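Notes for the one structure printed next.
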Number of protein chains: 2
Amino acid sequence: MAFAETFKALSDPVRRQILELLKKGPLSAGDIGSHFEMTGATISYHLKILKQADLIFESREKNFIYYQLNTTVLEEIMLWISELKGGNSDAES
Amino acid sequence: MAFAETFKALSDPVRRQILELLKKGPLSAGDIGSHFEMTGATISYHLKILKQADLIFESREKNFIYYQLNTTVLEEIMLWISELKGGNSDAES
DNA sequence: GGGGTATTTAGAAAAAAATCTAAATATCCC
DNA sequence: GGGATATTTAGATTTTTTTCTAAATACCCC
């Protein structure tokens with residue numbers, strides 16, 4: 001159940017910002033890092049969390065690793081929130 | 001910007017479960033606590049986080065404090081996720 | 001008012017997460 | 001192969017979060 005993992009991954013501002021950066025297209029770890037005031041190691045840590053949550057995936061090319069958004073998991077989150085908003089749990093009248 | 005707060009609040013499994021309990025209707029702090037293996041103080045802590053994130057609100061009655069879901073903030077989260085999925089940031093063709 | 005129940009607050013302890021530095025891999029390209 | 005660049009891993013430290021116990025509030029009802 002990677003569900004909890006996804007929520008955890010989304011809870012950090014840096015990681016959300018990374019996702020927003022990737023919205024515009026794939027970026028290398030270095031490119032991503034250049035947007036933040038932290039070491040590459042820390043960025044790598046955040047990328048690992050996002051990867052484990054299935055929110056991003058990587059593709060290797062030349063000497064770089066490019067990361068891109070994986071939106072499929074976001075559907076699940078949307079569904080959960082939607083059901084929370086939706087009201088009663090089983091059915092409606 | 002309570003946005004980050006909301007994500008943080010949603011990142012904890014206990015708090016998500018509390019929200020799910022409240023989906024069925026208002027509950028007192030004690031009622032909520034009876035669903036978990038933790039002290040009332042800890043439940044109170046989680047309720048405070050949820051309250052600060054505007055995910056729940058309380059109404060006092062008799063000797064009890066009843067909590068209920070506030071779904072308005074969830075819209076914002078949905079929107080954010082939706083835009084992340086949606087692709088380009090400003091508009092569509 | 002005063003005992004009783006419900007909940008919160010304060011403060012400390014334990015657990016988890018974020019960050020750094022230094023070193024390790026991995027891959028490119030000459 | 002070997003130096004150069006990109007990224008990750010390991011381990012330690014700092015910060016944040018979760019949890020507990022004990023005490024404090026708050027409110028009810030006799």
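As the structure is a prediction and not an experimental result, all values here were calculated from the model. To find a chain, count down the sequence lines: A is the first, B the second, and so on, and within it residues start at 1.
Applying the side chain to side chain donor-acceptor pair (under 3.5 Å) test to B:Asn70 and every residue at least two apart in sequence or in another chain returns B:Thr72. Here B:Lys51 pairs with B:Glu58 under the salt bridge (charged side-chain N to carboxylate O under 4.0 Å, His left out) rule; sequence neighbours left out. Under the rule for a side chain to side chain contact (heavy atoms under 4.5 Å, CB included), the partners of B:Ile49 that lie at least two apart in sequence or sit in another chain are B:Ala9, B:Arg15, B:Tyr45. In this structure, the side chain to side chain contact (heavy atoms under 4.5 Å, CB included) partners of B:Thr42, at least two apart in sequence or on a different chain, are B:Met38, B:Thr39, B:His46.
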Tabulate below the donor-acceptor pairs under 3.5 Å that side-chain atoms of residues 73-81 of chain A make, not counting sequence neighbours, or state none.
unit_1	atom_1	unit_2	atom_2	d
A:Glu75	OE1	B:Lys85	NZ	3.4
A:Glu75	OE2	B:Lys85	NZ	3.0
A:Trp80	NE1	B:Glu20	OE2	2.6

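Atom OH in A:Tyr67 sits about 7 Å away from atom C1' in D:dT7, given to the nearest Å. If you measure from atom CG of B:Leu50 to atom P of D:dT17, you get 14 Å, rounded to the nearest angstrom. Note: CG (B:Leu47) to P (D:dT19) measures 12 Å, nearest angstrom. The NZ atom of B:Lys62 sits 9 Å away from the P atom of C:dA6 (whole-angstrom rounding). Distance, B:Glu58 CD to C:dA6 C1': 13 Å, rounded to whole Å. Atom CG of B:Leu10 and atom P of D:dT18 are 12 Å apart (whole Å). Distance CZ (B:Arg60) to C1' (C:dA6): 10 Å, rounded to an integer number of Å. Distance, B:Asp31 CG to C:dA6 P: 10 Å, rounded to whole Å.
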Could you list, one pair per line, each protein nitrogen or oxygen that sits under 3.5 Å from a nitrogen or oxygen of nucleotides 2-6 of chain D, together with the distance?
unit_1	atom_1	unit_2	atom_2	d
D:dT5	O2	A:Asn63	ND2	3.0

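One end of the helix from C:dG1-D:dC30 to C:dC30-D:dG1 points its axis 30° away from the other end's axis, with each axis taken from 5 pairs and the angle rounded to 10°.
Shown here for B:Ile56 and B:Leu47, the closest heavy-atom pair between the two residues is CD1-O, 3.6 Å. In this structure, B:Leu84 and A:Leu19 approach most closely via the heavy-atom pair CD1-O, 3.7 Å.
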Contact state string [nucleotides 15-24 of chain C, B base, S sugar-phosphate only, - no protein heavy atom under 4.0 Å]: --SBBBBB--
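With side-chain heavy atoms closer than 4.5 Å counting as contact, directly or through intermediates, the hydrophobic cluster containing A:Phe64 also holds A:Tyr66.
Considering OG of A:Ser11 and CZ of A:Arg16, their distance stands at 7.5 Å, rounded to 0.5 Å.
Evaluation of the salt bridge (charged side-chain N to carboxylate O under 4.0 Å, His left out) test over residues 29-49 of chain B, restricted to residues two or more places apart or in two chains, returns none. Among residues at least two apart or in separate chains, there is no ring-ring contact (aromatic ring centres under 6.0 Å, His included) pair with a member in residues 22-44 of chain B.
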